[in-house]
Amino acid sequence: MPRIYLTTPIYYVNDVPHVGHAYTTLNADAVARWHRLLGDDVYFLTGTDEHGLKIQRSAEENGLSPIEQADRTSVRFRETWELLDISNDDFIRTTEHRHHVAVQELLTRAYDNGYIEKNVYEGAYCVSCEAYYTDDELVEGNCPIHKRPVEQMSEDNYFFRLSAFADRLEAWLTDTPDAITPDGYRNEALGLIRQGLDDVSISRTSITWGVPVPWDEGHVFYVWYDALINYATAVGFGADPERFETWWPATHHVLGKDILRFHCVYWPAMLLAAGIEPLPRFHVHGFLLVGGEKMSKTGINKIAPAELVADFGVDGFRYALLRDNSFGPDSEFSYEALLGRYNSDLANNYGNLVQRVCTVVVKQCGGVGPPPRPDSPLAVVATAAYRETAEAWDRFQPAVALDATWRLIRETNEFLARNEPWKMEPGPEVDAIMGDALEALRIVCILASPAVPTASATAWARIGMDGAVGEQRLPEAAEWGQYPGGSAIGAGDPLFPRLKA
RNA sequence: GGCGACGUAGCUCAGUUGGUGAGAGCGCUCGACUCAUAAUCGAGAGGUCGGGAGUUCAAAUCUCCCCGUCGCUACCA
């Protein structure tokens, strides 16, 4: 059975969930749901990143222990993903015991292989960045990112010999065209590697809130190097070799372009240093922009996903975010765009189609859904829609996939307008038309379900289908002609009530 | 400064290896219809594909230069 291990980044608990986090997670969730429809063995992971000085200090300021501080925010992420119908199989926290075990195992292997060595580091350190800066990187003596004073620090550090992997990383990206998608980001990673890689500091003695370095008391691993390893932890690295071997070759990481360097350069090098192959595949998306600015730098990130869910519903929010922002480039995000997309695609097209089909069946077919015709003109449309939808999901392009699925909806509306079954006398001709429309809807429900799972389940039941839409198996379930006919169909509330501006 | 990306209809964006007269959705205008959530269907207006030059029988698509936006990176005599 095909297998896929999907991950989102683990989110740092210094920040509460916002639309940017939701965008990343939704893309991964929709892809995971698509693969479940295909019958693939899926493991979908998300979680929270909880170590580091920033958390330690926030805890002190709030009069809490670090773990209490982490608990507070971690649960917010968990609640948000429940609200958004995220179908993750696991939620990892870097403060869990299983993770400490895996981190120590992986980095000990790298150490034993000679890729980690001790050295002294001193320089200007920004607590917010958790990074050192050279003097000329500072802006008027302040951190160039946070514009806040830096601290002079000096400590014994363990360094990861990143420079030793430049050639192997370059070869990997050159030889593996689909290692990083979309393609532009593979070029960026190659560019980073070709510009030269410096060894990097991966431990700290100045803090205690982290995973201890097992071979040297007093050191903890720098938060980034502990965090990346979560992906290995969750599938049993260091604890269950058989399980790890099962999932690791199927690893796909979903991430935003801001963390491309850590994921697509440092992480593969760490894996190679520990003797772990094959390397994962990476799917990188751009930023959501508000008036051209990165989401996290503007006030909009104060908008919690819950607020948008309150207005558009879970499925409305999911659909609009996935459909309107193609995976890869930066894209504009606005409330107005969400509203427009909701009304046109969900209320006017999908929801309204369900509504009118059910009504006509009630009025013209005695409330019993007729079977479709094998040679319906919609059959070829449905076949094409499936093919294009499947291909787009396979390429990690939810917006393209949904566009392809929605073409079947539009064509079905067109088909009804062309045939005008509401003008006919009840009989075989009306039955044939409505059977075709119901069959098209059956297929739409399945293909749309990764983006709008709840509404698709409702529509599935509304048209008289048994079982769960999410348990259908593609590609067989998308083949034309399977609507059984004979089911009772009634009226119901609109799936997506039209919203006023 | 170097590396890289982007700049296509009012808006958001598609446009594989260059090739039927440049596309979609939304918005807009007009018309049709009335089963449906003032939804739907049809028709239409609207673009010198950032600017210029070049290669080619043929370029939005390749090459060079310029302008603009952005990211990464290195830094000034």
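Quick note: numbers below take in every heavy atom, side chains included, and nothing from hydrogens, waters or symmetry partners. Labels below follow one simple rule: chain letters A, B, ... track the order of the sequence lines, proteins then strands, and each chain is numbered from 1.
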**OP:** Check whether any side-chain heavy atom of V314(A) sits under 4.5 Å from a side-chain heavy atom of T454(A), and report yes or no.
**Re:**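 The answer is no, as the side chains (C-beta and beyond) never meet within the 4.5 Å cut-off.
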Original post:
Does some side-chain heavy atom of W267(A) sit less than 4.5 Å from a side-chain heavy atom of P280(A)?
Top reply: yes
If pairing requires Watson-Crick or G-U wobble contacts with both distances under 3.5 Å, which nucleotide is the partner of [N]?
N: rU16(B); answer: none
N: rC70(B); answer: rG4(B)
N: rU34(B); answer: none
N: rC76(B); answer: none
N: rA39(B); answer: none
N: rC49(B); answer: none
N: rC62(B); answer: rG54(B)
N: rG44(B); answer: rC28(B)

What is the distance, rounded to the nearest whole Å, between atom [atom1] of [X] and atom [atom2] of [N]?
X: N343(A); N: rC26(B); atom1: CG; atom2: C1'; value: 11 Å
X: R462(A); N: rA36(B); atom1: CZ; atom2: P; value: 14 Å
X: D345(A); N: rG27(B); atom1: CG; atom2: C1'; value: 14 Å
X: I409(A); N: rU40(B); atom1: CD1; atom2: C1'; value: 13 Å
X: L190(A); N: rA5(B); atom1: CG; atom2: P; value: 12 Å
X: L353(A); N: rC41(B); atom1: CG; atom2: P; value: 10 Å
X: L416(A); N: rC41(B); atom1: CG; atom2: C1'; value: 10 Å
X: I193(A); N: rG2(B); atom1: CD1; atom2: P; value: 23 Å

Taking the side chain of [X] as its heavy atoms from C-beta onward, which of [options] lies nearest to it?
X: A347(A); options: rU40(B), rG4(B), rU37(B); value: rU37(B)
X: R356(A); options: rG42(B), rC35(B), rU37(B); value: rC35(B)
X: N352(A); options: rC33(B), rU37(B), rG25(B); value: rU37(B)
X: R341(A); options: rG25(B), rC35(B), rG4(B); value: rG25(B)

Original post:
Are R204(A) and Y222(A) in a cation-pi setup, meaning NZ or CZ lies under 6.0 angstrom from the ring centre and within 45 degrees of the ring axis?
Top reply: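 Ring-cation test returns yes.
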Original post:
If you draw the axis of the six-membered ring of F287(A), does the NZ or CZ of K257(A) fall within 45° of it and under 6.0 Å from the ring centre?
Top reply: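 So K257(A) does make the cation-pi contact.
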**OP:** Starting from the C-alpha separation in whole Å, work towards a yes-or-no answer on side chain to side chain contact (heavy atoms under 4.5 Å, CB included) for L107(A) and M270(A).
**Re:** CA-CA 8 Å; L107(A) 290 170; M270(A) 288 166 67; 4.3 Å; yes
Original post:
Rounded to the nearest 0.5 Å, how far does OG1 of T8(A) lie from NE2 of H283(A)?
Top reply: 13.5 Å
Using a heavy-atom cut-off of 4.0 Å across all strands, would you classify [X] as base, sugar-phosphate, or nothing?
X: D493(A); value: nothing
X: R418(A); value: nothing
X: Q355(A); value: base

Answer yes or no: does a side-chain N or O of [X] lie under 4.0 Å from OP1 or OP2 of [N]?
X: K500(A); N: rA38(B); result: no
X: N349(A); N: rU40(B); result: yes
X: R323(A); N: rC13(B); result: no
X: K257(A); N: rA5(B); result: no
X: S326(A); N: rU12(B); result: no

**OP:** Provide the distance between the two P atoms, one in rA58(B) and one in rU48(B), to the nearest whole Å.
**Re:**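 Straight-line distance between the two P atoms is 23 Å.
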**OP:** Verify whether one side chain among R410(A) and N349(A) offers a donor that lies under 3.5 Å from an acceptor in the other.
**Re:**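 Judged by distance alone, the side chains do not pair up.
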